[in-house]
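Lettering follows sequence order; numbering is per chain, from 1.
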There are 2 protein chains.
Amino acid sequence: MKVILIMAGRPKIFDEQSAVEKALEVFWDQCYHTASTEELLKAMGIGKGSFYLTFKGGKQELYQKSIRLFFEQQYQQMEVMLLQAENPITALKKLFRALARGTAKEQQRGCFLGNALVQLSEKETVVKNEVDRLLHQLQQLFALVVTKGQQQGIVNSGLDPELIAWQLLNLWNGIQVTRRMQRAPEVLQELIETNLEMIL
Amino acid sequence: MKVILIMAGRPKIFDEQSAVEKALEVFWDQCYHTASTEELLKAMGIGKGSFYLTFKGGKQELYQKSIRLFFEQQYQQMEVMLLQAENPITALKKLFRALARGTAKEQQRGCFLGNALVQLSEKETVVKNEVDRLLHQLQQLFALVVTKGQQQGIVNSGLDPELIAWQLLNLWNGIQVTRRMQRAPEVLQELIETNLEMIL
DNA sequence: CCTATTTTGTACTAATCGGTACAAAATTAA
DNA sequence: TTAATTTTGTACCGATTAGTACAAAATAGG
């Protein structure tokens with residue numbers, strides 16, 4: 001059943017989700033504090049009137065929504081990739097190996113969620129707590145994948161899946177920082193490879 | 001030979017280094033962009049006149065100097081601790097284990113150098129490059145310690161010391177992010193312990 | 001065409017930003 | 001005491017910040 005809502009009033013010139021997607025890019029390239037509303041509005045292609053009507057919470061609401069959108073999209077994609085693969089461990093390794101092959105820009109902007117954890121101050125504790133929750137959800141996904149892998153007998157390590165998942169998340173967080181150091185990509189590759197070898 | 005410099009003029013009411021130390025705390029609790037000059041000056045206990053006379057480069061110069069000071073002090077301390085220990089590997093492990101036992105505040109503020117890598121934007125590329133260099137120096141210290149350990153036959157892993165050092169630096173960077181997630185300290189402890197076991 | 005409703009664009013605001021100008025204060029040397 | 005020198009504190013600056021107020025515009029329904 002499709003619901004069509006017809007309302008009087010001047011029509012919106014923008015779609016909320018795609019506006020958030022545009023803002024997300026700005027927040028990611030810069031960070032929450034340095035991204036000015038002016039830049040955000042320009043990227044979204046809307047004026048202040050429209051913005052504050054839609055996002056009554058202002059910049060912070062926009063940021064929170066960009067975080068949620070990012071996670072929904074990214075997590076869903078990962079979940080499909082990891083859980084539908086015939087070999088979940090190979091898929092997991094592929095995910096980490098990709099971290100060494102990003103463009104210079106990608107290397108510099110790191111992980112959107114990890115950034116929030118490091119860049120937000122006490123004023124944004126609410127958002128920070130949500131990011132914490134989301135990253136924990138990612139850790140749980142890793143744990144599930146490892147459990148599946150162990151059941152299939154394709155995991156070398158016999159450690160607790162929960163612990164292995166924390167190691168993976170920590171490896172993830174570390175690489176997102178370390179790869180900001182401009183080094184030959186081989187260093188990063190070797191680093192990731194030996195870590196995966198040890199952990200899984 | 002002690003050199004005493006006598007100069008005419010109103011005497012300074014503050015010591016530059018201790019002023020930088022105070023500013024460093026503010027930069028660490030907040031971050032470069034959110035720490036306002038007003039707060040910094042208040043923490044340093046000096047006025048604008050004195051500040052801009054001493055730090056002609058303004059806020060950025062102060063930040064850069066706080067980074068250098070931090071590294072000098074921290075690195076020197078680490079170097080002594082690691083290279084003068086009878087068992088350098090044990091000393092190294094001690095360093096990492098301490099990361100799980102910090103106060104809530106320490107957990108939240110992470111590593112001053114790692115923060116810079118994640119928090120600075122393109123405008124501060126110069127500072128970022130210096131931070132990169134300093135962290136690389138830390139990696140080199142780790143490599144030296146590992147080499148010593150291997151010569152003493154107290155390192156399980158036979159991997160290249162350079163690579164092991166990168167793994168240690170990456171573990172360091174990861175923990176500084178992961179520990180911002182509010183979790184039971186046992187998770188962090190276990191994470192660190194098994195990682196050290198695997199790497200060294 | 002008229003009214004109700006919603007969105008849009010712009011003008012505006014109060015606060016804060018990093019930084020400068022400069023006179024007064026505090027010292028040394030003559 | 002006076003001159004030279006340096007530091008200090010304060011008043012001020014233009015720019016930028018996030019956010020508000022509000023009239024004009026654009027729609028639907030009657």
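- Considering only side-chain atoms of B/F14, the nucleotide from D/dT8, C/dC17, D/dA24 that sits closest is D/dT8.
- Residues B/G57 and A/G45 both approach DNA chain C. Their nearest nucleotides, taken by heavy-atom distance, put A/G45 toward the 5′ side.
- For B/K59, counting side-chain heavy atoms from C-beta on, the closest listed nucleotide (D/dT7, C/dG18, C/dT8) is C/dG18.
- Interface remark: the B/K48 side chain does form a donor-acceptor pair with the C/dG19 base, using a distance-only criterion of under 3.5 Å.
- Heavy atoms of B/F51 sit nowhere under 4.0 angstrom from any nucleic acid atom.
- Ion pairing between A/E106 and A/R179 fails under the 4.0 Å rule for side-chain N and carboxylate O.
- Between B/Q73 and B/E21, the side chains place a donor N or O and an acceptor N or O closer than 3.5 Å (distance only, hydrogens not considered).
- Toward the 5' end of DNA chain C, the nearer of the two residues B/P11 and B/S36, judged by each one's closest nucleotide, is B/S36.
- Distances shown here put every side-chain N or O of B/S50 at or beyond 4.0 Å from the OP1 or OP2 atom of D/dT7.
- Taking the six-membered ring for Trp and thresholds of 30 and 60 degrees, B/F112 and B/W28 have ring planes inclined between 30 and 60 degrees apart.
- Among the atoms of the strands shown, only primed sugar atoms or phosphate atoms (P, OP1, OP2) are found under 4.0 Å from some heavy atom of A/I13.
- Residue B/Y52 places at least one side-chain N or O closer than 4.0 Å to OP1 or OP2 of C/dG19.
- A salt bridge links A/R68 with A/E130: the distance from a Lys NZ or Arg NE/NH1/NH2 to an Asp or Glu carboxylate oxygen falls below 4.0 Å.
- One interatomic measurement links the two molecules: NZ of B/K42 to C1' of C/dG18, which rounds to 18 Å at whole-angstrom precision.
- The shortest distance between the side-chain N/O atoms of A/T37 and the OP1/OP2 oxygens of D/dA18 is below 4.0 Å.
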